[in-house]
Trainee: 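Quick one: structure below, then a few questions.
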Protein chains: 2
Amino acid sequence: MALRNADRIREELEQAIMAGEFGDGERLDEMTLSTRFSVSRTPVREALHALAASGLVETIPRRGVFVRYPSFIKLIEMFDVMAELEAMCGRLAARRITDEELDRLEAAAIACQKAEEKGDTDEYYRENERFHHVLYHASGNSFLAQEASKLHKRLKPFRRLQLRVRGRLGQSMQEHREVQDAIQRGDAERAARTLRSHIAIQGENLNDLMANFAKYHSRVPRQKT
Amino acid sequence: MALRNADRIREELEQAIMAGEFGDGERLDEMTLSTRFSVSRTPVREALHALAASGLVETIPRRGVFVRYPSFIKLIEMFDVMAELEAMCGRLAARRITDEELDRLEAAAIACQKAEEKGDTDEYYRENERFHHVLYHASGNSFLAQEASKLHKRLKPFRRLQLRVRGRLGQSMQEHREVQDAIQRGDAERAARTLRSHIAIQGENLNDLMANFAKYHSRVPRQKT
DNA sequence: AATATCATTCTTGTATACAGAAATGTTGAC
DNA sequence: GTCAACATTTCTGTATACAAGAATGATATT
């Protein structure tokens with residue numbers, strides 16, 4: 001359906017930015033991108049505006065659009081909100097989850113465990129994502145699920161930063177099992193509490209993130225605004 | 001700064017849609033809007049895309065953009081999420097609020113009371129908004145404040161629907177005082193709990209909203225997609 | 001040599017032109 | 001009279017053209 005060039009370009013740029021192809025503060029030139037994607041400026045502009053709406057870039061009128069990496073503070077703020085959204089999902093899911101969703105949640109949790117035992121990090125990330133998306137939908141609140149998915153996606157590159165640390169993977173997996181258990185038993189508050197601390201950046205996690213943040217944030221010298 | 005025609009048009013259209021000038025499912029024709037705002041299609045298209053990003057309209061490729069009123073279900077879902085975001089703001093604010101912000105919170109609460117005593121509904125809405133925005137910022141989490149503000153704005157027309165009912169104004173005000181008191185005492189959990197039930201649609205509020213929803217949602221016959 | 005002013009160039013924002021898909025209306029067959 | 005196939009029109013998506021603001025560089029002045 002949405003086979004417009006603008007959408008295709010938006011996705012490609014999104015991935016490129018999240019992959020770190022552009023440095024913080026770097027300007028995205030319309031003409032350059034036009035030639036890169038072999039289209040005119042029009043669809044490029046639409047793609048850039050869409051990226052601005054999702055917060056990946058900032059548009060300064062008559063100046064251009066600039067890549068904006070979130071600051072360390074902003075990142076923690078976003079994780080805090082994410083934690084609260086996930087906690088809400090868990091609280092609702094504990095009451096509303098269907099048998100089928102419960103099965104899928106367990107399947108994802110098991111797949112996570114398998115991946116961790118194999119030491120396959122990429123697969124772990126994939127299955128981890130599946131676990132959380134099942135959770136979002138199990139909340140029975142489609143608006144919540146949508147917002148949670150958006151923020152989840154936005155935080156994707158940084159979750160890696162956090163989980164890369166030795167041992168974190170196993171701990172994360174353990175928490176999944178506890179969440180699953182709480183939801184299965186219908187213990188809404190325990191599900192919420194566990195998820196909140198599963199996501200929130202605090203204690204050791206904070207240190208881990210901080211340690212990796214510097215590396216991440218200094219890929220390209222920040223340009224003047 | 002942002003004196004682009006596109007932004008101006010976006011705001012005007014936003015207000016027009018929220019004011020109910022367009023019915024649910026109505027198509028927004030680029031050419032028609034061009035003449036209405038005396039500009040070309042280009043800035044109109046940008047404005048429409050921005051509206052789509054904020055969820056007010058839906059774009060169907062090669063078909064056009066259509067106004068989308070939230071369904072009753074969606075509305076309740078959004079209020080539920082809003083309640084959780086406000087609760088989070090309250091929980092954080094109880095620990096982080098500054099003396100100055102506390103003063104402003106109290107001032108807004110008093111202004112609400114004054115407006116209610118005068119029976120000035122419009123002023124009540126204005127001050128109510130001020131109260132909540134102070135709260136958002138008092139959370140000390142700028143990302144949270146931003147997200148809360150966005151959703152607050154989106155729900156604006158429906159809050160009126162809910163508060164229009166006799167007596168609700170006074171009750172709402174009472175809850176403000178309780179929130180303010182909890183935050184002042186630093187009681188995070190009470191602030192969170194009070195705010196959640198202040199915002200959430202449940203019990204009587206649900207009935208009130210339901211009663212007014214029908215009137216709202218049937219302004220113009222829904223057009224075929 | 002440093003700075004201020006002005007001209008030039010570059011880039012964004014907007015208007016217009018064009019191509020192709022979807023909607024609409026017409027005609028003809030049953 | 002109803003429905004289907006086709007022609008026509010309309011509107012979206014993209015390309016290009018144009019206007020004006022911002023950045024850059026040159027020149028002149030102190």
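Chain identifiers are assigned alphabetically (A, B, ...) following the order of the sequence lines, protein sequences preceding nucleic acid strands; residue numbering begins at 1 within each chain. Values reported hereafter were calculated over all heavy atoms of this structure, with side chains retained and with hydrogens, waters and symmetry mates removed. Here the structure is a predicted model, which is why all the values come from computation and not from measurement.
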Trainee: So which heavy atom on B:Phe158 is nearest to which on B:Pro70, and how close?
Mentor: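 Of all heavy-atom pairs spanning B:Phe158 and B:Pro70, the closest is CZ-CG, 3.6 Å.
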Trainee: Treating A:Glu77 as the side-chain partner and B:Phe143 as the backbone partner, does any N or O pair qualify as donor plus acceptor under 3.5 Å?
Mentor: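 Checked: pair present.
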Trainee: Taking only the side-chain nitrogens and oxygens of A:Arg63, find out if one of them lies under 4.0 Å from OP1 or OP2 of D:dA23.
Mentor: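 Indeed, a polar side-chain atom of A:Arg63 lies that close.
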Trainee: In whole Å, what is the span from the CE atom of B:Met31 to the P atom of D:dT9?
Mentor: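 Distance check: B:Met31 CE to D:dT9 P gives 15 Å.
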Trainee: Where do N or O atoms of nucleotides 7-10 of chain C meet protein N or O atoms at under 3.5 Å, pair by pair?
Mentor:
none

Trainee: Look at B:Glu14 together with B:Lys153 and state whether they make a salt bridge at an N to O cut-off of under 4.0 Å.
Mentor: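 Looking at B:Glu14 and B:Lys153, the cut-off is met.
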Trainee: List in numerical order all residues of residues 34-50 of chain B for which some heavy atom is under 4.0 Å away from an atom belonging to DNA chain C.
Mentor: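 Only B:Val39, B:Ser40, B:Arg41, B:Thr42, B:Pro43 qualify.
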Trainee: For the helix from C:dA1-D:dT30 to C:dC30-D:dG1, what angle lies between the axis at the first five pairs and the axis at the last five pairs, to 10 degrees?
Mentor: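 Angle reported: 10°, given to the nearest ten degrees.
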Trainee: Under the criterion salt bridge (Lys or Arg N to Asp or Glu O under 4.0 Å), which of A:Glu30, A:Glu12, A:Glu21 is the partner of A:Arg36?
Mentor: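 Per the salt bridge (Lys or Arg N to Asp or Glu O under 4.0 Å) rule, the option paired with A:Arg36 is A:Glu21, out of A:Glu30, A:Glu12, A:Glu21.
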Trainee: Please state whether the rings of A:His133 and A:Tyr136 are parallel, tilted or perpendicular, taking 30° and 60° as the class boundaries.
Mentor: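 Correct class here is perpendicular.
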Trainee: Could you verify whether a donor N or O on one side chain and an acceptor N or O on the other, from B:Glu86 and B:His132, lie under 3.5 Å apart?
Mentor: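 Yes, B:His132 and B:Glu86 have a side-chain donor paired with an acceptor closer than 3.5 Å.
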Trainee: Using a 6.0 Å cut-off, check whether atom NE2 of B:His137 has over 12 heavy atoms from anything other than its own residue.
Mentor: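 No - once you tally the heavy atoms of other residues, nucleotides and ligands closer than 6.0 Å, there are 12 at most.
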Trainee: Whole angstrom is fine here: how far is it from CG in B:Asp7 over to C1' in C:dT12?
Mentor: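 Roughly 13 Å, once rounded to whole Å.
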Trainee: Ion pair present between A:Lys114 and A:Glu123, side-chain N to carboxylate O less than 4.0 angstrom?
Mentor: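 Answer for the salt bridge query: no.
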Trainee: The side chain of B:Ala6 lies closest to which of these nucleotides: D:dT14, C:dT14, C:dT11?
Mentor: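 Given the options D:dT14, C:dT14, C:dT11, the side chain of B:Ala6 is closest to C:dT14.
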Trainee: Using only side-chain N and O atoms of B:Arg62, determine if any of them is under 4.0 Å from OP1 or OP2 of D:dT12.
Mentor: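 No, because none of the side-chain N or O atoms of B:Arg62 sits under 4.0 Å from OP1 or OP2 of D:dT12.
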Trainee: Rounded to whole Å, how long is the line connecting atom CZ of A:Arg4 with atom P of D:dA15?
Mentor: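 Distance check: A:Arg4 CZ to D:dA15 P gives 13 Å.
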Trainee: What's the CG-P distance between A:Asp29 and D:dA23, to the nearest Å?
Mentor: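 Taking atom P of D:dA23 as the reference, CG of A:Asp29 is at 14 Å.
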Trainee: In whole angstroms, how far is the C1' atom of C:dT16 from the CD atom of B:Glu30?
Mentor: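 Whole-Å distance recorded here is 14 Å.
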Trainee: For B:Arg154 and B:Met78, indicate whether the former's side chain and the latter's backbone hold a donor-acceptor pair under 3.5 Å.
Mentor: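 Checking the backbone N and O of B:Met78 against the side chain of B:Arg154, no donor-acceptor pair under 3.5 Å is found.
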Trainee: Is it true that B:Lys156 and B:Glu129 have a side-chain N and a carboxylate O under 4.0 angstrom from each other?
Mentor: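 Looking at B:Glu129 together with B:Lys156, the answer is yes, because their closest N to O distance falls below 4.0 Å.
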Trainee: Over how many whole Å does the gap from A:Asn5 atom CG to D:dG13 atom C1' extend?
Mentor: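 A:Asn5 atom CG is separated from D:dG13 atom C1' by 9 Å.
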Trainee: Mind running side-chain contact (heavy atoms from CB on, under 4.5 Å) on B:Met88 and B:Leu92 for me, showing each step along the way?
Mentor: CA-CA 6 Å; B:Met88 183 180 179; B:Leu92 294 175; 4.2 Å; yes
